[in-house]
Amino acid sequence: MMNLFNNSTNQLLHSALNASMTRQNTISNNIANVDTPSYKAKKTVFSHELKSAMNKPDFDAHRTDSRHLSFREAGSSGVEIQKRTNTAYNHNGNNVDIDLEMTEMAKNQIYYNTLIDRMNGRFNSIQTVIGQGR
């Protein structure tokens, strides 16, 4: 019998939500330190977490169209915070690009909201199955 709450898809969504929260904290720290002399911007890398979860044998997602991206494509392993090295330095040695940070924050918010919607959809389906979603 399939475990309704503790299955690979819910675990994947939980991991992705945690990673998104870590990314949000990293971006917030960069924004808070935009004027801090010599501060080096950081970025959160977590695509490998997604790959690790998707490679589990009980991962229950599948492609419904050959034009969709494969669920098996992603990076390496673990959430990692790295210094951002591909940006120019300001006059005070700080390399925070506020426009980039605001863009990344907006993208991460959309990603997080999508994950929440997916998680809510899964729980609504369970609620309907057990007769509570009239």
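- A donor-acceptor pair under 3.5 Å is absent between the side-chain atoms of N94 and the main chain of N90, judged by distance alone.
- Y111 and M21 fall into different hydrophobic clusters, where Ile, Leu, Val, Met, Phe, Trp and Tyr side chains are chained together by heavy-atom contacts under 4.5 Å.
- Distance alone, capped at 3.5 Å, is enough to place a donor-acceptor pair between the K40 side chain and the G93 backbone.
- Of the possible donor and acceptor atoms, one in the side chain of D97 sits under 3.5 Å from a partner among the backbone N and O of L100.
- One distance of note links CD1 of I98 with OG1 of T103; it measures 10.0 Å at 0.5 Å rounding.
- Between the CG atom of N95 and the CG atom of N33 there is a distance of 11.0 Å, given to the nearest 0.5 Å.
- Taken from CG in D117 to CZ in R122, the straight-line distance is 14.0 Å, to the nearest 0.5 Å.
- Checked by atom type, the side-chain pair N108/E104 shows no donor-acceptor distance below 3.5 Å.
- A single hydrophobic cluster is seen to contain both I27 and V34, as judged by linkage of ILVMFWY side chains at heavy-atom distances under 4.5 Å, directly or through other members.
- L17 and I81 are not part of a single hydrophobic cluster, where members link through side-chain heavy atoms under 4.5 Å apart.
- Shown here is N25, whose CG atom has more than 12 heavy atoms of other residues, nucleotides or ligands within 6.0 Å.
- Contact between A41 and V96 at its shortest, heavy atoms only, is CB-CG2, 4.0 Å.
- To the nearest 0.5 angstrom, R84 atom CZ is 10.0 Å from Q82 atom CD.
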Check your understanding: Between K42 and N29, does a side chain to side chain contact (heavy atoms under 4.5 Å, CB included) hold up when you go through it step by step?
Key -> CA-CA 8 Å; K42 295 171 181 65; N29 284 335; over 6 Å; no
Exercise for review: In sequence, state the C-alpha distance, the side-chain angles, and the governing distance for I31 and M102, and then conclude on side chain to side chain contact (heavy atoms under 4.5 Å, CB included).
Suggested key: CA-CA 8 Å; I31 292 170; M102 296 305 286; 3.6 Å; yes
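- Taking each heavy atom of M105 and S28 in turn, the nearest pair found is CE-OG, 3.8 Å.
- Residues H14 and M119 come closest through the heavy atom pair N-CE, 4.0 Å.
- Annotation: Y39, atom OH; neighbour count of heavy atoms from other residues, nucleotides and ligands within 6.0 Å is above 12.
- Put simply, the side chain of S20 never gets that close to the backbone of A16: no donor and acceptor are under 3.5 Å apart.
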